[in-house]
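Here's the structure we're looking at; comments come further down.
First listed ligand is number 1; within each ligand, the first listed atom is number 1. Values below: all heavy atoms of this structure, side chains included; hydrogens, waters and symmetry mates excluded.
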Amino acid sequence: MTNPLCLRGGRVLDPARGIDRVQDLWIEDGKIAGLGEDAPAALRGNKAVEIIDVKGAVVCPGLIDIHVHLREPGQEEKETIATGTRAAVRGGFTTVACMPNTSPPLDDRPRVEYVVRRARESGACHVLPIGAVTIGQEGNALVEFEDLASAGVIAFTDDGKPVKNAEIMRRALELTKPLGVPIIQHAEDPDLKGNGVVHEGWVSTRTGLKGIPDTAESVMVARDALLAEATGGRVHVAHMSAARTVEILRRAKERGIPMTGETTPHHLVLTDEAVATYDTNTKMNPPLRSARDREALLQGVVDGTIDCLATDHAPHTDIDKDGDFDNAPFGIVGLETALGLYLKALVEPKHLSLSDLILRMTRNPLAVLGREGGTLAAGLPADVTVFDPEQRWTVRAEEFASKAKNMPFEGWELSGTILLTLVGGRIAYRAEVPAGRA
Ligand SMILES: [Zn+2]
């Protein structure tokens, strides 16, 4: 049981319902009870309600990240469901969807049930498991889609790897279509990728690091667009990085093909120039690409071609990342810096309004999964994020709740300080700086 709460005097932003106004948000029995005058009079008159002053702050639906690697089971030295979800609520996220490339992968019912149970026991926020497409993520035999969906799986992916075989992808789309869930594609042609480690271009030539052409991604997205059109199954393109990919997705949507896409903070704030430092924290897959690719991604986010914003939170230990550039693993952590980096990439340069950014981090990711929610409508679970869009903070990995510290943003000054994260009406995170200071 949670206490009734009132978040007093914040700017309530609920973009999916066109709401942007200073008013109180009332919470009872873990659910949204109403906004301002619309809340039940009995609750507004109840002296037992805990009042939290959030004047000057934004109150919005809890942020949702559909691309997170929690590493449990099997790689608990990198991250666990407990630490990953604590990082999530510190970053303002109330729901994360976790990727199945654990050890072993989430390709059968007991493994999915294990994650669901661990999330209930140790999770600080909601965890939606994503299942593998193929057994062992080996690209050959398909999983039991219906069985996994009934165990709680909300989408399927072999992320970490692509579904390379077109016939396997075609059958996966046919079988998941009646379930109404997408296949999330880690779009990458393995032959074009080869043993590349950075974007193929001027920087790879200059540094001598082996390149991955942008076509490694877009060739597979073009193929998947044709398969989605032919089958009617839904494809969601993970971590889009290349201009050509944006263009293919834009055309596919114009043709009515059931396809969606996401990108990450790092692909919007950095280019391949960052890898010239040989810092292994700039090594991610897909790689940081050219300034032209970055511009196309920004345009794709603005015009809605790219539906939602994720993180691809990919924790690794310091030891993993300490090797030389060629041998270090791909990926960076992102949950605790996502809002600040998206504000920097999209809102501060006035590409997007704050409301349009929040839409892409709340309602839109759930829509991609074919799910309801992501709003502050009365009766929904009180998953709420409160942040100060102006208050600046400095990125310090040592302060992260995540077990992992691998990211290239150490010392960056960002705006968007998370003040309070409510999960089902319970305070899952509260900043030490008191909310509502003058
Ligand atoms: Zn991936």
So Thr83 and Glu79, side-chain hydrogen bond (donor to acceptor under 3.5 Å, both in side chains) or not? Walk me through it. CA-CA 6 Å; Thr83 58; Glu79 193 78 288; 2.6 Å; yes

For Asp65 and His313, does a side-chain donor sit closer than 3.5 Å to a side-chain acceptor? no

Counting only heavy atoms not in Lys344 (residues, nucleotides, ligands), do more than 12 fall under 6.0 Å from its NZ? no

Parallel, tilted or perpendicular: ring planes of His239 versus His67, cut at 30 and 60 degrees: tilted

With the threshold set at 4.0 Å, does a side-chain nitrogen-carboxylate oxygen contact exist between Arg118 and Glu121? yes

In terms of side-chain geometry, is the basic nitrogen of Arg170 or Glu167 positioned less than 4.0 Å from the acidic oxygen of its partner? yes

Keeping to distances under 2.8 Å, can you name the protein N/O/S atoms close to the Zn ion (ligand 1)? Asp159 OD1, His186 ND1, His239 NE2

